[in-house]
Amino acid sequence: MPAILKKRQTWLLKTEPSTYSFKNLLKDKQTNWNGVRNYQARNNLKKMTIGDLALIYHSGDEKAVVGISKVISEPYPDPDAQGGDWVQVDLIVFKAFEKPVTLSEIKATQSLKELALIKQSRLSVMPVVEAHAEILLKMGKTDEN
DNA sequence: GCCAACGTTGGC
DNA sequence: GCCAACGTTGGC
């Protein structure tokens, strides 16, 4: 098991790159992941803890996992939410994938067929089990041992 | 541009 | 509580 995965939950966060991309995160170094307004995604956000990894997926034209970020805060209320129990977390950029892992590659990989990204294409915040995280990191040529 | 897969809203 | 209508996301 890559050292990077030890004792960490891995998540996958979807974003439309024209709204906020991994490049923006590379520039900003840190961001607050806000605006989630879906209960299931919110419930996943609430389970995040400091030190967790979050893979960033670009929807739309790119359709690929492009990099890794790290969760650096506990979930806390999203100030933009007008009422309702919505949260956000703070992220820092961790590492860009050397090679983006495309949706078509993921779909073509038998061992990833249970990934929520495939099974529940509209969910924007989802857990990634360790076995899947290992495979994705390997496919992205992100050597973190 | 279309459509599948949701999620939400509102009438009943 | 059900369901039709509508809205949104996101892949193709």
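No hydrogens, no waters, no symmetry mates; every other heavy atom, side chains included, goes into these values. Residue numbers begin at 1 in each chain, while the letters A, B, ... track the order of the sequences.
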Write down the distance between [atom1] ([X]) and [atom2] ([N]), rounded to a whole number of angstrom.
{"X": "A:I118", "N": "B:dA4", "atom1": "CD1", "atom2": "P", "answer": "19 Å"}
{"X": "A:R122", "N": "C:dG10", "atom1": "CZ", "atom2": "P", "answer": "8 Å"}
{"X": "A:K119", "N": "B:dA5", "atom1": "NZ", "atom2": "P", "answer": "14 Å"}
{"X": "A:L117", "N": "C:dT9", "atom1": "CG", "atom2": "P", "answer": "16 Å"}
{"X": "A:H58", "N": "C:dG11", "atom1": "NE2", "atom2": "P", "answer": "12 Å"}
{"X": "A:N43", "N": "B:dG7", "atom1": "CG", "atom2": "P", "answer": "12 Å"}
{"X": "A:R37", "N": "C:dT8", "atom1": "CZ", "atom2": "P", "answer": "15 Å"}
{"X": "A:Q120", "N": "C:dG11", "atom1": "CD", "atom2": "P", "answer": "14 Å"}

Nearest-nucleotide pick for A:K14, side chain only, options being C:dG10, B:dC6, C:dG11: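 Taking heavy atoms from C-beta onward, the closest nucleotide is C:dG10.
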
Among C:dT9, B:dT8, C:dG11, which nucleotide has an atom closest to any side-chain atom of A:Y39? B:dT8

Would you call A:W11 and A:N44 a side-chain contact if the rule is heavy atoms closer than 4.5 Å? yes

Pairwise side-chain contact, A:W33 with A:Y20, heavy-atom cut-off 4.5 Å (strictly under): yes

When all nucleic acid strands are considered with a 4.0 Å heavy-atom cut-off, which category describes A:L123: base, sugar-phosphate, or nothing?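 No contact.
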
Do the charged groups of A:R37 and A:D78 touch, with an N to O distance under 4.0 Å? yes

Under 3.5 Å, is there a donor-acceptor pair linking the side chains of A:T109 and A:S111? no

So, does A:K107 get its side chain near the phosphate of C:dC12, meaning an N or O under 4.0 Å from OP1 or OP2? yes

